[in-house]
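The next block holds one structure in the form of structure tokens; read it before the comments.
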Amino acid sequence: MTQNSPPLVLPPSLSRNVAALQDKDRNRLDDTVTRLHTVNGRLWDTEDRVRGALLSAAQVADCKREIDQLNAERNLLAERADEVLGSLADAGRADAPLHTETLASVVDRLSVLTLRIWHSERAAARDELARRRVPALHGQREELCAALDALVSDVVAGRRRLPVPARFKLYGRDDAAPAEIKPSRRLRRVLAFGGLSECGKSTSAEFVQRTCGAQRFKIGFLLRQAAHREGLADPYALSPRRQAELLLGELNRFADAHIDTELFTIESVHDDASIAELKRLMGDALQIVYLDASFALRVERSGTPAQAVAAKDEIKMSRGAHQVAALADHVIDNTGSIAALRARLRRIAAPPASTALRAATPYGLGLPAAVASATADFTDAVRAYGPGVRLAALTGSPGEGSWIAGWSDLDLLVIAEHEAIGRVHEALEQYRTALGGAAALGPTLVTPGELTARRLTPRLAFVLHQLQQGSPVLHAAPSLELPTISRGELAFAAVRELPQVILTMRRLRADAGPTALRQLYKHLVLACRLLLREHNQWESGPDRILAAASRMPGLTALATPSLAEISSAWRDGEAELVLKPVTVAVDQLLTWYAAQLAA
């Protein structure tokens with residue numbers, strides 16, 4: 001129904017008689033009459049659209065087809081209403097005079113008159129003729145209500161009988177033309193999967209749903225929902241443009257109601273014309289993904305006879321399914337491994353972005369001169385390898401400015417093409433030699449493809465997030481693209497990583513001698529950091545992390561010495577002096593953690 005248009009109010013005698021019906025019949029009638037009034041509102045708007053705007057021949061034909069479907073729905077609803085209203089008649093007077101129309105026909109006229117009054121009142125502010133008509137229209141409504149009530153009384157008393165339900169066509173007009181539908185600002189990205197039978201559409205959409213949190217829809221479901229909402233009998237009879245508008249309307253409606261949903265998938269795209277129209281409406285917000293595979297492979301995957309797959313292909317191709325490949329933003333050859341397919345899907349669903357990274361020299365990271373010099377030589381070496389090495393960065397304490405000689409490791413991240421890894425190994429060996437035992441080196445080597453396919457450990461995801469938040473890098477290639485890591489993703493990553501950290505901490509606690517102090521303390525800090533992420537708290541630096549964790553509900557304060565005290569004792573060979581408070585804190589955290597997860 002037109003937005004804000006009035007509800008249909010039945011006259012008192014009819015309302016009283018309807019109220020006396022059984023609950024089932026009364027509810028059925030209420031629903032049917034409400035839908036009938038809604039369809040009349042849709043008809044009014046569609047008639048206005050075809051008469052009041054400059055439309056192409058195809059658009060006019062589309063509107064006429066929609067009008068036909070709305071009229072068919074209107075007639076069906078009127079007949080359903082008469083099935084209930086007819087029960088009000090006294091069946092014993094076969095000789096009673098025949099009325100010219102059914103009760104539902106009069107209700108239908110009352111619905112149209114209600115809409116005409118509302119539209120006329122809207123137009124009255126700018127149209128003198130409409131203003132003068134409003135009182136007469138109200139008079140007509142009063143007369144029609146009185147006539148309907150009188151007819152109801154006569155029918156109930158048996159003084160009149162009703163004819164077999166008939167069909168009608170009534171139209172209205174208004175001066176306002178509806179605006180062209182546009183994507184909601186909350187409808188950010190939609191992936192549409194197309195392809196022939198057994199090519200992997202559903203498998204791909206399910207993977208994107210599971211790994212990227214996408215909301216998954218079938219195109220047929222969306223069209224049926226839109227048709228029901230619009231009062232259309234067959235949305236597939238509409239033009240491709242109108243089908244695209246219906247699809248976009250349903251996607252907009254869901255996106256506006258679920259504002260946290262960043263990604264949607266729709267499947268299966270079998271009609272090249274309608275998806276082309278949807279692409280025109282949505283632009284790059286819609287990415288069409290076509291999955292391709294040989295017929296023999298698709299038959300093998302289906303586990304069904306070749307004739308069955310061929311029959312399904314023939315139906316899809318008759319609708320233009322094979323033509324979608326020419327429209328697709330991404331064509332995936334799905335004849336390879338599942339790893340290759342998933343990597344491509346992750347790049348499409350969560351594309352990498354150019355990242356502005358903050359560069360720093362090793363001498364600006366607070367490192368001792370010998371360590372900074374060795375790091376600078378390594379940086380020069382990998383930079384000389386050209387585009388094969390995309391990034392080098394010291395992560396963790398050097399980036400946070402809390403690196404401590406004799407205590408902290410040098411955690412190094414290198415992003416390099418697989419072909420360049422051998423040369424990176426050589427540079428790392430020279431780096432270790434130059435360090436001469438001044439620091440332990442912990443390198444992480446990863447390829448750009450692994451990153452853009454988002455094959456990330458929780459630790460690597462956190463490092464990338466830190467770089468995007470401003471942690472410095474030693475070297476970065478121009479226009480480097482990295483996956484964007486949100487805090488929400490890190491919170492989920494913490495859930496996955498924490499169990500392993502807890503298990504490792506229990507193992508270290510079982511052999512908590514002085515030599516285990518460093519690893520035990522570091523796992524205590526890491527566990528607390530992960531727990532804080534789950535609580536959306538983002539502290540850095542061990543002392544601040546432990547202090548913040550001590551404020552978690554139900555956890556007794558962790559009274560550990562400061563990092564400076566612990567690292568100093570470690571370097572001086574007096575680990576036993578600080579081991580006891582560290583093990584007490586570990587025991588407190590493990591006891592608390594077990595209690596949180598108890599049934």
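If you're wondering where the values come from, they're calculated on a predicted model, not measured in any experiment.
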Checking E250 now: which residues fulfil side chain to side chain donor-acceptor pair (under 3.5 Å) with it, not counting sequence neighbours? R229, R253

Taking atom types as modelled, find out whether S562 and D543 have a side-chain donor-acceptor pair closer than 3.5 angstrom. no

Which donor-acceptor pairs under 3.5 Å do side chains of residues 526-537 form with protein atoms, sequence neighbours excluded?
from: R529; atom 1: NH2; to: E400; atom 2: OE2; distance (Å): 2.9
from: H535; atom 1: ND1; to: L531; atom 2: O; distance (Å): 2.9
from: N536; atom 1: OD1; to: W538; atom 2: NE1; distance (Å): 3.0

How about NZ on K580, more than 12 heavy atoms from neighbouring residues, nucleotides or ligands closer than 6.0 Å, or not? no

Does the Y385 side chain pair with the main chain of V424, one donor and one acceptor, at a distance under 3.5 Å? no

Under 4.0 Å between a side-chain nitrogen and a carboxylate oxygen: does that hold for R188 and E262? yes

Taking only residues at least two apart or on different chains, which pairs with a member in residues 351-364 satisfy side chain to side chain donor-acceptor pair (under 3.5 Å)? none

For R518, check salt bridge (charged side-chain N to carboxylate O under 4.0 Å, His left out) against everything at least two apart and list the hits. D409

State, without any angle test, whether T379 and R383 hold a side-chain donor-acceptor pair at a distance under 3.5 Å. no

Has the side chain of T261 got a donor or acceptor atom that lies under 3.5 Å from a matching backbone atom of L263? no

Mind jotting down which residue pairs meet the salt bridge (Lys or Arg N to Asp or Glu O under 4.0 Å) criterion with at least one end in residues 485-512? Sequence neighbours excluded, please. R454-E489, R509-D587

The side chain to side chain donor-acceptor pair (under 3.5 Å) partners of K522 (sequence neighbours excluded) come to none

Is there a donor-acceptor contact under 3.5 Å from the side chain of H475 to the main chain of A392? no

Can you tell me if E206 and S202 form a side-chain donor-acceptor pair at under 3.5 Å? no

According to ring-ring contact (aromatic ring centres under 6.0 Å, His included), who are the partners of F217, at least two apart in sequence or on a separate chain? F254

Taking the side chain as C-beta and beyond, is there a heavy-atom pair between F264 and L191 under 4.5 Å? no

Any sub-3.5 Å donor-acceptor pair from Q588's side-chain atoms to A557's backbone N or O? yes

Taking the side chain as every heavy atom from C-beta outward, state whether T515 and L517 have any pair of such atoms under 4.5 Å apart. no

So which pairs with a foot in residues 435-453 pass side chain to side chain donor-acceptor pair (under 3.5 Å), sequence neighbours left out? R347-T452, T447-E450

side-chain contact (heavy atoms from CB on, under 4.5 Å) filter on D329, not counting sequence neighbours, yields K279, Q287, I288

With sequence neighbours left out, the residues meeting salt bridge (charged side-chain N to carboxylate O under 4.0 Å, His left out) with D411 are R459

Considering residues at least two apart in sequence or located in another chain, which fulfil the side chain to side chain donor-acceptor pair (under 3.5 Å) criterion with R342? none

According to ring-ring contact (aromatic ring centres under 6.0 Å, His included), who are the partners of F378, at least two apart in sequence or on a separate chain? Y431

